[in-house]
Each structure stands twice: as C-alpha cells, then as structure tokens.
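In what follows, a structure is listed as structure tokens, so that the remarks can point back to it.
Sequence lines set the chain letters: A, B, ... in the order given, protein chains first and strands last, and positions in each chain run from 1.
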Amino acid sequence: MDFNIDFLETLNPEQYQAVTTTEGPLLVLSGAGTGKTRVLTTRVAYILANGLAHPWQVLAVTFTNKAAKEMQERLTQMVGAAAGDVWLGTFHRIGLRILRRYGDLVNLNKNFIVLDADDQERLLKNIMKECLVDTKEYPPADLLEIIQHWKDKGLAPDAITEAEKSNFCEGRALDFYRLYQKRLHEMNAVDFGDLLMLPLLLFQTHPEILAEYQHRFQYILVDEYQDTNIAQYMLLRLLAKGSNNICCVGDDDQSIYSWRGANVDNLLNFEKVFPGAQIIRLETNYRSTEHILACASSLIANNTGRLGKTLHVANQDEMGGELVVVQGYYNGQEEATEIIQKIEDENHAGIPLSKMAVLVRLSFLTREFEDALIKANLPYRIIGGFKFYEREEIRDVVAYLRLVVNQNDDLAFMRVVNKPRRGIGDKVVESLQQTANARHISLFEAINYAEIKPAPLKTLQAFREMILDAKKQTSTLRPVVVAKNLMQVSGYIAMWQAEKSLKSDERIDNIYELLNKLEDFASLDAFIEEVSLQTENDEQTTGDQLVVMTLHASKGLEFDKVFLPAWEEEIFPHQRAIDEVGEAGLEEERRLAYVGITRARKSVFISYASNRRVYGQWKNALPSRFVEELPPEHIDRRGNRRMGYGAQFSDIRMPWAAEKQTPKKRVGKRVHHETFGDGVVLREEGDRLEVFFDNSGLKKVLARFLEEI
DNA sequence: ACCACGATGCTTTTT
DNA sequence: GCATCGTGGT
C-alpha cells in the first residue's frame with residue numbers, strides 16, 4: 001500500500017507510542033486538546049500501512065456521526081480509498097450494520113425500521129392508554145427513560161432482576177417494556193437502544209456469529225471511551241476477546257453523559273477488564289493558552305476520584321495570552337446583546353464568525369442569543385435547539401416515505417393518513433385499530449376488512465392505492481422522483497402552500513431541502529436509514545456563521561474565542577443535576593464547565609446575569625460557584641456591569657423583587673384585582689393564588705396582579 | 001370531523 | 001411565554 005509515514009515524525013513521543021503500540025489492550029488517557037483524533041486516525045493508517053490488517057478488519061467506533069465523518073475524511077487523506085472499507089461509525093451505526101446482516105437470528109425481518117424518540121414516545125403513550133393508565137400522572141417520557149436505561153445496560157425484559165425494577169406506575173414499567181418490545185416486533189421496528197441491545201443478544205445466543213466478528217476485527221479503536229454505556233462496553237469486551245487488540249481513547253474529566261447511561265467506570269477499570277493493558281497519557285495541550293489551561297485545571301481540581309492529569313502548553317508562544325474574562329450583567333438580555341456586540345466587533349477586526357462560539361448549559365438559553373443575532377443581522381446557526389429532522393414537516397415527509405417502503409409501519413400510517421385533512425378522524429382510525437388488533441394485521445391492511453362508512457372507506461382506499469402506486473414507481477423511477485411525485489399527489493405540499501404564512505414558507509423550503517438530499521441515494525430504504533440515524537445536526541458550514549450551541553454538543557470541537565454565558569447557580573450547575581444525583585451531579589456539571597473552557601484556543605469570556613427570565617417569570621440569580629473556583633491570577637473579573645464589582649445581589653431592589661418579600665401567608669386576606677375586583681384568598685400555591693371574588697367568583701390568579709386591601 | 005379556545009406544563013443535557 | 005393538549009361548540 002502506498003502510504004507516506006512521514007507524519008509519524010510530527011508526533012510527540014507519547015502520541016508516537018499511542019500510534020505504534022498496536023498489539024494488546026491500550027488505554028490512551030487523552031486530555032482536552034492533546035491531539036487524540038490525530039492519534040486515532042494515524043493509528044488506523046499505521047495499522048493499514050504496515051499490513052497488520054486489511055481495512056475491513058479494523059473497527060473504529062466514535063461517539064457522534066460528525067466525529068466519524070471527520071475521521072473518515074482524515075483517513076482518506078492518509079490512505080486513500082482503503083479508508084472506505086474500514087468499519088467506521090458510531091456504536092449505533094455498527095450495531096445497525098450487524099443487525100441488517102444477522103437480524104433474522106434475533107427475530108427481525110431484514111428491512112426493519114429504526115424509530116426515533118418521537119415514535120418511541122408515541123408508541124409508549126398508545127400502550128399506556130390501552131392499559132388505561134393516566135398518561136398525565138405517569139408521563140410516557142419518564143417510562144421511555146426507564147426503558148432506555150434498561151437497554152443501556154443491555155437488559156431485555158426477561159433479564160430485568162428484582163433490583164432493576166422500577167416503581168414507576170405501581171411497578172408496571174416492566175409490563176409496559178414487554179408490551180413495547182412485542183409491539184416493536186410486530187411492526188418490524190427497533191429503537192435506538194435496540195441497536196446495541198440486540199447485537200449483544202445476538203452474540204450471546206449465537207456464539208458462531210460472535211466468533212465470526214471476533215475473527216474479523218483484528219484491531220478495535222474506540223473514541224470517547226469515558227462516555228460509553230454498559231451495553232457498549234459489553235459489546236466491546238466480547239469483540240475484543242478475539243484479537244485482544246483494543247485501543248480506547250478517553251478522558252475521565254470529560255465524562256458528561258452519565259444521565260444517558262454512560263459509565264466512567266468503563267474507563268477507570270480498563271486495566272482490570274483487559275489484563276496486561278498499557279496506559280499512555282497525553283498531557284501536552286496544543287490548543288489553548290496558559291491562562292485558559294490554568295482556569296480549566298483549577299476548576300476540575302475540585303472534583304474527586306479523578307485519574308488525574310496535568311496539562312501543559314505545547315509551545316512557548318502560547319504562554320500568557322489574554323486573561324479569562326468574567327463579566328457580570330444586569331439581565332440575560334443585556335448579556336446576550338453585549339456578547340453579540342463583542343462578537344460583531346471581533347468580526348470587524350478580522351476574526352471569522354466560524355472561529356467563535358457561544359456555548360450554553362441549557363438549550364432554551366440560545367433563544368436570547370438568536371434574538372440578538374437577528375437584530376445584529378449576523379449569520380448564525382443554533383445547534384441543540386430544534387433539530388432539522390425533528391421538525392413536523394420533515395417527520396411527515398419521512399413518514400410518507402416509510403409507508404411506501406413498509407406498509408406495516410403503523411406509526412407512519414397514523415401520522416399521515418389524515419395529513420392533509422382527508423376526513424379521516426379518530427373514529428375511523430379507532431375502527432381500523434380494532435380490526436388490526438383482532439386480525440393481527442397492520443392498519444394499512446385493515447382497510448380491506450374494517451367496517452367503515454362508504455365515504456371514509458373510499459378515501460382510505462384511494463390513500464391505499466396512492467401509497468401502493470408510489471411503491472410500484474420505486475422499481476422504475478429514482479427515489480427522489482417518487483418522493484416528489486408523492487408529495488404532490490398526496491396534497492401534502494399544497495397543504496402548506498395554502499397556509500401562506502412565514503412559517504409555512506420555511507416549511508416548504510425545508511421539505512425541498514430534504515427532497516434534494518434524496519438525490520444522493522439509490523433507494524428510499526437507504527435514505528430512511530440515514531435519516532433515522534442522523535439525529536445530530538451535521539456540519540453544514542454554509543459560509544461564515546456563528547454557532548450557538550449547548551455545552552454537550554460542543555464536545556470535541558474547538559474555537560479561537562469561546563463565550564460562556566449564564567454561569568449562574570441553579571442554571572450552571574443545573575439545580576436538577578444536584579437534586580437528582582447530589583455530589584456526583586455537581587461533579588458532572590463541573591466537567592461540563594471544564595469541557596466548555598477547554599474548547600477555546602485564544603480566549604474565554606465567562607458571564608452571568610443578576611436577573612433572568614425563566615418560564616416567563618423574572619428570577620434573580622447568583623453567580624455560579626464555578627466562578628469562585630477559577631484562579632484569581634488568571635482571570636480578569638469585571639463584576640456587574642451596572643452595579644460595579646462587589647455589589648451585593650441582595651441589595652438589588654427591582655419591582656418584581658418586591659413581590660418576593662411579601663409574607664407568604666396570604667390565605668384569608670382581602671385583595672383587589674384590576675379586572676376581577678375585590679375578593680378573598682382561599683388557597684396559595686407558590687405565586688398562584690385561588691381567590692374568590694365578590695363579583696366574579698372563583699379564579700386562579702398570579703400574586704403580582706393582586707393588591708392587599 | 002374540525003375548529004377555537006383555554007388550561008397546563010415546560011427547560012437539562014442526545015446517540 | 002409559548003407550544004401542546006383536551007374540551008366543547010359548530
């Protein structure tokens with residue numbers, strides 16, 4: 001293989017070791033900005049160049065689709081077309097690939113579909129309703145989370161032990177899980193968790209298949225190992241039993257997905273699980289300045305139970321640099337406006353927008369920045385907010401296509417059968433469902449048997465023919481043409497065109513954007529599969545844009561200048577993280593702060609606001625405790641913009657603050673309301689009061705609209 | 001079957 | 001403050 005190994009010379013000694021120690025288990029502890037992607041990529045290239053394995057005998061797993069794509073590109077640069085034969089992708093994609101091949105051994109039909117979060121929740125809601133559960137009291141989303149956690153551990157319903165059981169809905173979660181799996185099976189569908197759990201089940205029940213993959217994968221590489229869950233760990237352990245050549249790269253200080261089932265112990269126990277493992281530490285940081293690293297290190301030092309690493313700057317040029325700025329603001333809006341102003345100034349001074357980023361803890365915080373960006377007329381992209389593939393119109397179009405591919409896809413059927421309105425209401429769908437249940441057939445097939453009045457029946461038959469017609473077209477026409485036809489014939493596009501609003505125009509644009517993507521696909525199946533795995537916003541760097549995203553979404557990225565707003569108690573660290581898992585939650589929040597700071601090459605701008613609107617209500621806020629954990633000599637602390645540094649937050653007297661100071665006991669008091677007149681307070685729940693007004697009767701009103709009389 | 005309106009709850013973080 | 005859901009009227 002023609003392969004230029006010159007770039008081995010540009011590696012530092014530790015990186016070189018990590019690349020060339022190919023045999024046996026290896027753990028690479030790789031701090032932020034120490035070149036781990038480079039190591040991983042070069043390692044694969046090294047293995048291929050030395051003929052240690054064929055490309056298809058190398059398995060490289062990444063955490064996100066984006067990371068996989070980036071690695072694929074870099075690898076192609078180094079080894080050319082051979083890069084395409086390496087098994088490279090997210091765990092979920094690899095799992096899918098295995099199931100497409102051997103799914104029949106775990107009761108799957110070859111062309112199964114992958115449900116997204118929305119489908120899953122809808123399905124669970126249906127199941128719960130059938131079981132006469134009040135979905136208000138027991139939210140399907142909570143059940144989904146429970147089931148996902150089971151799947152994260154690789155636990156099928158029969159494997160749930162007493163200790164794993166949940167007391168959700170009087171302990172019925174397991175029953176629902178069983179039903180849910182049964183329903184998935186009937187629909188020939190899997191969810192995200194199944195993409196890990198079912199391959200695991202396959203390997204456990206079919207040793208000969210496991211042996212085949214153990215033999216196949218001579219070298220296994222894993223990125224972001226600190227964020228793998230138990231199912232992923234078990235898969236890796238099984239696969240690595242073949243060659244024993246497994247290399248995991250990770251950083252315990254960047255473990256930020258425990259809420260999703262990630263388990264840092266995978267990394268901490270690496271030596272125990274893989275005897276004879278070697279460990280290499282990458283501690284030379286090529287990304288950030290001294291001040292930035294000092295802040296990150298000082299902050300993370302407050303965590304316990306770390307493996308411990310000391311990052312140092314790579315070159316002397318990076319010594320010094322700008323101090324990390326900590327700025328206080330009056331409120332969230334001022335904060336957003338001023339930060340965008342700064343970004344605009346930097347942009348005028350020559351820094352491209354794409355080299356800067358605003359990273360927030362909670363996705364709703366992106367909103368104020370979006371407003372400010374629109375006012376400033378700067379091009380931007382929000383990541384972590386509403387995602388392209390989660391938009392209504394996109395999901396509708398995909399549902400149509402899913403139905404063309406698989407008429408038994410009941411969820412897709414229900415989504416589009418009356419969209420646009422065709423006069424098919426709840427009653428008709430209910431009747432279809434009954435027939436379908438009784439005969440064990442899909443809703444689509446039930447059209448032929450259900451007792452339905454002539455008018456809707458005619459509509460349903462026409463709908464049926466339309467889908468079957470599109471299916472017929474797939475054998476002669478290109479997928480993109482079939483899809484465009486269907487969107488016209490079904491009246492779906494016309495539905496939005498008729499609406500004529502700003503939003504509907506945008507929706508139509510989105511639909512065409514989606515349909516154009518179809519150009520690149522040979523079949524509808526392939527397209528749907530791509531879409532169902534593409535949950536994360538792919539990099540569509542259309543020109544020079546500023547990104548505003550969540551801290552979670554920023555993992556693995558880097559920017560010259562990073563802005564970290566809303567460093568306030570209850571937001572960051574997030575109150576719920578602390579409430580739910582206490583000290584462990586706080587430490588994960590701190591790692592998130594560490595991830596945020598270490599995204600920056602040249603400068604970090606941290607800020608907090610004294611007042612913030614949450615749920616449309618003003619709340620005052622204290623600076624995050626993390627601010628106090630930064631080393632004073634490395635920061636430029638500017639305090640609050642309007643009050644000057646040192647002002648006591650409790651000194652702030654704002655109109656809305658007055659309401660907080662009124663005594664809590666208001667029950668029994670006579671009050672006056674501008675619209676409802678005089679009355680007496682009966683009950684009190686936080687800010688909401690139940691008042692019996694003399695002339696208007698019983699009303700629920702907000703305390704701030706009341707005056708005591 | 002569909003629409004208008006009001007009550008409700010929501011904001012962690014994502015493959 | 002907003003989007004979603006459920007209700008009751010047409």
Side-chain angles (χ1 to χ4, degrees), chain A residues 61-68 89-96 114-118 120-121 125 135-137 139 141 144-145 148 151-152 191-196 223-224 227-229 231-232 255-262 359-368 371 383-387 389-390 392 418 420-430 453 455-456 459 503 532-538 549-555 566 570-581 585 588-589 591-593 595-596 612-619 685-686 688 699-700 702:
Chain A
V61 205
T62 60
F63 190 68
T64 62
N65 291 308
K66 202 154 94 191
T90 61
F91 273 102
H92 294 86
R93 191 171 287 274
I94 303 287
L96 179 70
V114 183
L115 302 190
D116 62 29
D118 206 78
Q120 294 175 51
E121 201 174 314
K125 196 175 177 181
T135 51
K136 273 252 166 78
E137 194 180 349
L144 179 58
E145 202 180 321
Q148 251 156 4
K151 292 192 175 183
D152 285 342
D191 67 11
F192 261 85
D194 287 339
L195 293 177
L196 304 176
D223 193 10
E224 308 279 11
D227 282 322
T228 50
N229 62 34
Q232 290 164 336
S255 156
I256 55 175
Y257 283 100
S258 73
W259 51 272
R260 210 179 75 188
L359 310 180
V360 297
R361 174 61 182 89
L362 302 169
S363 56
F364 84 88
L365 293 167
T366 60
R367 202 178 199 106
E368 271 166 330
D371 292 345
I383 299 180
F386 316 93
K387 280 161 233 153
Y389 290 104
E390 282 170 19
E392 183 185 349
N418 199 32
R421 302 249 122 94
R422 300 185 172 94
I424 307 297
D426 293 345
K427 277 271 141 49
V428 174
V429 173
E430 220 171 89
K453 290 200 188 106
T459 314
K503 234 185 169 152
S532 55
L533 287 188
Q534 202 73 52
T535 51
E536 181 46 37
N537 310 257
D538 241 349
M549 65 176 125
T550 59
L551 285 160
H552 283 88
S554 78
K555 193 165 80 156
E570 296 187 31
I571 288 184
F572 195 29
H574 194 269
Q575 192 58 46
R576 273 184 69 171
I578 296 173
D579 289 347
E580 279 166 23
V581 271
E588 182 149 320
E589 294 289 299
R591 290 193 291 271
L592 205 45
V595 166
R612 191 168 293 279
R613 207 159 45 175
V614 184
Y615 301 133
Q617 295 264 68
W618 283 100
K619 284 187 77 170
E685 292 170 20
R688 284 175 191 227
K699 302 268 180 212
K700 272 191 181 168
L702 285 174

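Which of dT15(B), dT13(B), dG1(C) sits closest to the side chain of T90(A) comes down to dT15(B). For Y615(A), the listed nucleotide lying nearest its side chain is dT11(B); candidates were dT15(B), dA1(B), dT11(B). Of the candidates dA1(B), dC3(B), dT14(B), dA1(B) carries the atom nearest the K427(A) side chain, counting heavy atoms from C-beta on.
If you find the closest nucleotide of DNA chain B to H574(A) and to I424(A), the one lying nearer the 5' end belongs to I424(A). Nearest-nucleotide positions on DNA chain B for G423(A) and P139(A) put G423(A) closer to the 5' end.
The ring pair (Phe, Tyr, Trp, His ring centres under 6.0 Å) search around H574(A) returns none, not counting sequence neighbours.
Nucleic acid contact class of E392(A) (heavy atoms, under 4.0 Å, all strands): none. Contacts of F63(A) with the nucleic acid, taken as non-hydrogen atoms under 4.0 Å apart, involve only primed sugar atoms and P, OP1 or OP2. Within the nucleic acid shown, L592(A) has no heavy atom closer than 4.0 Å to any nucleic acid atom. Using a 4.0 Å heavy-atom cutoff across all strands shown, R361(A) reaches at least one base atom of the nucleic acid.
Of the side-chain N and O atoms in R367(A), none sit less than 4.0 angstrom from OP1 or OP2 of dG1(C). Regarding contacts with the backbone of dT15(B), every side-chain N or O of N229(A) stays at 4.0 angstrom or more from both OP1 and OP2. Proximity of S363(A) to the phosphate of dT13(B): a side-chain N or O atom is located under 4.0 Å from OP1 or OP2.
Taking atom P in both dT4(C) and dT13(B), the straight-line distance is 16 Å, to the nearest Å.
Using the six-membered ring where Trp is involved, W259(A) and H552(A) have ring planes that are perpendicular, over 60° apart on the 30 and 60° scheme.
Using a 4.0 Å cut-off between charged side-chain N and carboxylate O, D152(A) and R260(A) make no salt bridge.
For the pair N418(A) and V428(A), the minimum side-chain heavy-atom distance is 4.5 Å or more.
Between W259(A) and dT13(B), a base-stacking contact is recorded: ring centres under 5.5 Å apart, planes less than 30° from parallel.
Using modelled atom types, one side-chain atom of D227(A) and one backbone atom of I256(A) make a donor-acceptor pair closer than 3.5 Å.
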